[in-house]
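The block underneath contains the structure these notes are about, expressed in structure tokens.
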Amino acid sequence: MAEDEQNYDFSAIEKKWQDYWEQQKTFRAEDISEKPKFYALDMFPYPSGAGLHIGHPEGYVASDILARYKRACGYNVLHPMGWDAFGLPAEQYAIKTGTHPSETTKNNIDNFRRQIKSIGFAIDWDREINTTDPNYYQWTQWIFLKLFQRGLAYVDEKPVWWCPALRAVLANEEVVDGKSEVGGHPVERKNLRQVVLKITAYAEKLLEGLDELDWPDSTKRQQKAWIGRSEGAEIQFKIDGQDHSLTVYTTRPDTLFGATYMVVAPEHPLLEQLVICEKKDQVKEYVQSAAKKSDLDRTDLAKEKSGVFTGSYCINPLSGERIPVWVADYVLISYGTGAIMAVPAHDERDYEFAEQFNIPIRRVIIPPEESSKEDKLPYIGSGNMVNSADFNGMDANTCKGKIIEDLESKAVGKSAINYKLRDWIFSRQRYWGEPIPLVWVNQSDFEKAQNTEGVIKNSLPPEAVTSVKDGETLYALPLPDSELPLKLPEVENYQPAGTGESPLATISEWLDIWFNLTTGKTISRKDEKPDDENWVAATRETNTMPQWAGSCWYHLRYLDPQNPKSLVDSQKEAYWGGPDFYIGGAEHAVLHLLYARFWHRFLFDEGILANPEPYNKLFHQGLILGEDGNKMSKSVGNVVSPDVVIDAYGADSLRLFEMFLGPLEAVKPWSEKGIEGVHRFLRKVHREFLNQKKQHKGEETNKDTLRLLHETILKVTEAINDLRFNVAISQMMILINHLQKANSYSESTATAFIQILAPFAPHLAEEIYAILGGSGSIVELAWPKARKELLIAEEITIVFQVNGKLRGQAKFPQGTDKETILATAKSDAKVLSFLEGKEIVKEIYVPGKLVNLAVKG
RNA sequence: GCCCGAGUGGCGGAAUGGUAGACGCUGCGGACUUAAAAUCCGUUUCCCCUAGGGAGUGAGGGUUCAAGUCCCUCCUCGGGCACCA
């Protein structure tokens, strides 16, 4: 090989250009611009102590390629990065070591930032955000106060998942199969005072909004299922011999005449009144045992249903029939009314229960005649009504409405809609989260607040938020905006209080305050009470917010990260709107993406934002597995660190290979050998373009080269738009292989090539551009246009098929007529041998592609 | 159990209903070299008596001149939900 060949010193090249970009602020986004905008957003990482792993950059590289490509297309591009840095691990580490979580978090962020910078992203680092920064969480608290003011926050004793090992309350979503999602520790039920957000008030809007979104279908489906809308009826059954009624929810009012028993959940408030004397002990015992069961037990025991007869009866509002009422834990208190009418003939669960307890099963719907084989019970389908008095013979589906009408006219029922979605338990009994900016006062001070003009009175919710503590009802008051951020106080010990309260509850200096009802100012109660009647004794809310809070609105803060006056300037928000591309893991399909939509829609309803939906276009990158095909994990020892890869092959190779592995959305294994392949490709590019002996000035003179170049520009452009980066890279490999074999090619060809390579391997592209004599940065060049007229070849290859099988081929000049081609095909020696003794029944000619002769005999 | 998605060489994967296996990896053979690395060239779906032919995209059917691609049934894997009345 040529002695003058330079090594591909990727380390030096990458360092050089990363420094250049940083110094020049190459990727600074304009706040507002004449240019159209493109906002590429990554799900920001939680900066863990383990550092970045190879899966993180996959999405970042994809969004970075788009960002760089769009910039070359003339867009004002924003590609920001930040840190979702509140969370359990830093707190756990603090409990173990006494290190302040902010210190751990700072170190982890520094390491993450270093790692991400080493990959060479087109990130505007001036817009970096951090959810644990008081200047950031001030606005998280501010949004909470808005929700509070609108009555969308309340406090309730809730049976919640308590994890003894983590000493923390977990959200439903953080419990998987009866264990904590983090760490896999067992969890149990415990009643605790919780701050809850009324996300259910947005159930309908969140459901409807999905239709408009350009999201993966599976993600939309998951959210739809999570919201779980169903239509049906609420029906009141009078309790026999009492004045009360039992209200049930059903989606099948058409099966009302088939109800042969009723069930109430063990936690149902009417249960006590329903139980007759003789059954008291038995029911009490049953309720107690049900309370002990975790959800895991309930699921495991799903095959074996359990329940107890209460001794009471209800009256079917239409038939007048007396129906026994049971208590059973297969009915959930948290859904519908916590009570059902059981129709064993047409519901699998009721059928199972009825079989087990010998309860009558009465069919009220028969399948339509055509499918009369479908005659087994339970029968879930539609059909015609039987055993249903006046409704007999009618179609069951139409009967739903008729029965509801009938119930409504008798004032014993109405149509109803139900959702599986529950309100969002928003409090965590932890230290390392945003403090919830509320204070608690007694009733008389609350009434005083209601009658004292000032910021507090003006930001009270429509209904008082209360909580009972030690037998006394306390009332929640909001801190005013002027008191934000409410900073986390210093604490001696990060261990939660044994009661399940947050460590903040142990800091009385912070907890017990004098609160001014006019101004909302606070001072510690250790200080003397000011001599002013507006100062009252109060205690602070000690719960902190869940990790989801900060990520509900971070996409907005990137638009205006330093703004001390509002969470985002409305002009900037109007210009940028939402992200044009949002990429992250599918594991956030429901939680983060639903919570963020909720907050965003709320802010839209408040008139604070111009758009109702936060993320119009969403994409999930697929997991990168270890080389052994298993999920990367420390314990298996198959984790690949980007640091190691960059050290050995460089950031450009890492970027290119992550995209070359396979389709972006696919789950695919890492391969050490595979990265050598793309690294070789980059070395080849480096070698080829540095050896300028083959290059000549002016336009490309070789027609094949010119055609392939423009085919490559076209394919790469299309592939980027379709997020098919693996295909784009293949095509570039084809081109470099061609140039390597060519005797010479023009400088303009080389420049066009590195321009389309630049979004993928930006450092190498910059270096070659500089060597070829380009000034400034390659990112300033406009994206090359594919000249489609060059793609038409002078000669076309036509394939000859007989009965769809390849039998020959020939080249023809562009524009050869059909007859000539067919004649040539039919006289082709090989084709002829397959036509012998047969009759041609059909001749197909696909222009420019193939001839197919269908033969018979 | 229910709802999705996916099955293509030794491997990762290409293929608007139109030449299956592009591109890359691996293996094998060769060139260069004292040697190695690097680089380059050839070869790599399977079967057959290798001229050439036959089979082939999880299995079986179907539609079509033509099916990896569309339709039906089934199998396997992956993901989600899981007593929500």
Side-chain angles (χ1 to χ4, degrees), chain A residues 1-2 5 7-8 177 216-222 224-226 228-230 232 248-252 255 263 295 298-299 301-303 305 328-332 334-343 346-350 352-353 418-422 586-587 589-590 620 622-623 627 629 656-657 660-663 665-678 680-681 683-684 687 724 726-734 737 740-741 797-809 830 833 840-856:
Chain A
M1 272 287 107
E5 186 186 317
N7 274 337
Y8 170 34
D177 288 337
D217 279 342
S218 62
T219 305
K220 285 195 193 182
R221 226 179 289 116
Q222 277 182 61
K224 230 172 237 179
W226 193 262
R229 183 185 199 274
S230 76
V248 305
Y249 173 74
T250 178
T251 54
R252 296 293 304 272
T255 63
V263 183
D295 272 12
R298 283 198 179 189
T299 311
L301 297 170
K303 285 166 205 153
K305 289 218 165 20
D329 67 1
Y330 82 92
V331 169
L332 309 174
S334 48
Y335 183 78
T337 62
I340 61 159
M341 62 175 210
V343 185
H346 304 291
D347 180 278
E348 278 182 47
R349 298 145 302 183
D350 297 346
E352 220 178 278
F353 191 85
N418 249 304
Y419 301 91
K420 289 185 198 172
L421 186 68
R422 317 277 167 79
E587 69 273 17
V590 206
H620 299 305
L623 217 59
E627 194 138 19
L656 208 62
F657 186 54
F660 190 62
L661 273 173
E665 69 278 13
V667 177
K668 54 235 168 217
W670 183 258
S671 158
E672 184 71 29
K673 284 287 177 192
I675 194 166
E676 283 177 20
V678 293
R680 268 201 280 274
F681 163 69
R683 257 201 329 244
K684 201 184 282 185
R687 190 177 344 110
R724 292 160 41 100
N726 54 331
V727 181
I729 295 165
S730 299
Q731 186 59 39
M732 290 189 280
M733 286 173 168
I734 291 170
N737 289 346
Q740 180 188 285
K741 285 176 187 128
T797 302
I798 300 290
V799 168
F800 303 149
Q801 295 182 339
V802 178
N803 280 349
K805 288 199 173 132
L806 181 68
R807 297 303 178 193
Q809 60 180 54
K830 254 180 230 162
S833 71
I840 297 176
V841 292
K842 198 161 185 179
E843 297 174 357
I844 311 285
Y845 172 61
V846 181
K849 288 247 163 103
L850 58 78
V851 167
N852 188 14
L853 304 172
V855 300
K856 210 170 67 176

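Order of the sequence lines fixes the chain letters, A, B, ..., with proteins taken first and strands second; residue numbering starts at 1 for each chain.
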Counting the atoms with a prime plus P, OP1 and OP2 as sugar-phosphate, which does A:Ser671 contact under 4.0 Å by heavy atoms, base, sugar-phosphate, or nothing?
nothing
Closest to the 5' end of RNA chain B, once A:Ser334 and A:Ile734 are matched to their nearest nucleotides, is A:Ile734
- Query: Is there a side-chain polar atom (N or O) of A:Asn852 under 4.0 Å from OP1 or OP2 of B:G18?
  - Reply: no
Self-check item: Side-chain N or O of A:Asn737 closer than 4.0 Å to phosphate OP1/OP2 of B:C40
Solution: no
Rounded to whole Å, the NZ-P distance (A:Lys830 to B:G54) equals 12 Å
Dot-bracket assigned to RNA chain B with the 3.5 Å Watson-Crick/G-U criterion, [ ] for crossing and | for other-strand pairs, is (((((((..(((.....[....))).(((((.......))))).((((...))))..(((((..]....))))))))))))....
Among the nucleotides B:A14, B:A38, B:C4, whichever has the atom closest to the side chain of A:Ser218 is B:C4
For B:A85, take OP1 and OP2 only and decide whether either is under 4.0 Å from a side-chain N or O of A:Ser230.
yes
Considering only heavy side-chain atoms of A:Gln222, the closest of B:C25, B:G80, B:G13 is B:G80
Checklist entry - When you compare B:A22 with B:G12, how far apart are their P atoms, in angstrom units rounded to a whole number? => result 15 Å
Rounded to whole Å, CZ of A:Arg229 lies from C1' of B:C81 at a distance of 20 Å
From the candidates B:A85, B:G12, B:U26, the one with an atom nearest any side-chain atom of A:Glu676 is B:U26
Side chains of A:Lys842 and A:Asn852 only: does a donor on one sit below 3.5 Å from an acceptor on the other?
no
Of A:Gln809 and A:Val727, the one whose nearest nucleotide on RNA chain B sits closer to the 5' end is A:Val727
Residue-phosphate contact under 4.0 Å: A:Arg680 side-chain N/O, B:U26 OP1/OP2: yes
Of the candidates B:A22, B:G12, B:U19, the side chain of A:Gln801 sits closest to B:U19
From CG of A:Leu850 across to C1' of B:U19 the rounded distance in Å is 8 Å
Ranking B:C65, B:A14, B:U39 by distance to the side chain of A:Ala854, first place goes to B:C65
Phosphate-side-chain proximity, A:Lys842 and B:C65, N/O vs OP1/OP2 below 4.0 Å = yes
Q) What about A:Lys673: does its side chain form a donor-acceptor pair under 3.5 Å with the base of B:C11? A) no
- Should the pair A:Trp670 and A:Phe657 be assigned to parallel (<30°), tilted (30 to 60°) or perpendicular (>60°) ring geometry? perpendicular
Of the candidates B:A14, B:C83, B:G18, the side chain of A:Lys305 sits closest to B:C83
Return no unless some side-chain N or O of A:Lys849 is found under 4.0 Å from OP1 or OP2 of B:C65.
-> no
note: A:Lys741, atom NZ; B:C40, atom P; distance rounded to Å ~ 9 Å
Rounded to whole Å, CD1 of A:Ile675 lies from P of B:C25 at a distance of 13 Å
- So does A:Arg221 get a side-chain nitrogen or oxygen closer than 4.0 Å to the phosphate oxygens (OP1/OP2) of B:G80? no
- request: For B:C40, take OP1 and OP2 only and decide whether either is under 4.0 Å from a side-chain N or O of A:Gln740.
  value: yes
| request: In whole angstrom, give me the gap between the C1' atoms of B:G21 and B:A15. | output: 9 Å
Classify A:Lys220 by what it touches in the nucleic acid, base, sugar-phosphate, or nothing, heavy-atom distance under 4.0 Å. nothing
Which whole number of Å gives the distance between the C1' atom of B:A82 and that of B:C3? 11 Å
Of the candidates B:G12, B:U39, B:C83, the side chain of A:Arg687 sits closest to B:U39
_Base, sugar-phosphate or nothing for A:Ile844? Non-hydrogen atoms, less than 4.0 Å._
base
Classified by glycosidic angle (syn within 90° of 0, else anti), B:G17 comes out anti
key: Audit row: A:Met341, A:Thr255, side chain to side chain contact (heavy atoms under 4.5 Å, CB included) steps and yes/no   = CA-CA 9 Å; A:Met341 62 175 210; A:Thr255 63; 3.6 Å; yes
Exercise. Using the C1' atom on both, measure B:G56 against B:C47 and round to a whole Å.
Key: 10 Å
- Message: With a 4.0 Å limit, can you tell me whether A:Tyr335 has a side-chain N or O closer than that to the phosphate oxygens OP1/OP2 of B:A85?
- Response: yes
Taking B:G42 as the reference, what is the distance to B:G80 when you measure between their C1' atoms (whole Å, please)? 49 Å
Taking the P atom of each, how far is B:A37 from B:U26, in whole Å?
13 Å
Between CH2 of A:Trp226 and C1' of B:C3 the distance, given in whole Å, is 16 Å
Per atom distances to the A:Arg724 side chain, the nearest of B:A38, B:A22, B:A14 is B:A14
Over all strands shown, is A:Asp217 touching base, sugar-phosphate only, or nothing at heavy-atom distances under 4.0 angstrom? nothing
Of the listed B:A15, B:G13, B:A85, the closest approach to the A:Val331 side chain comes from B:A85
Would you tell me if any nitrogen or oxygen in the side chain of A:Arg807 comes within less than 4.0 Å of OP1 or OP2 on B:G54?
yes
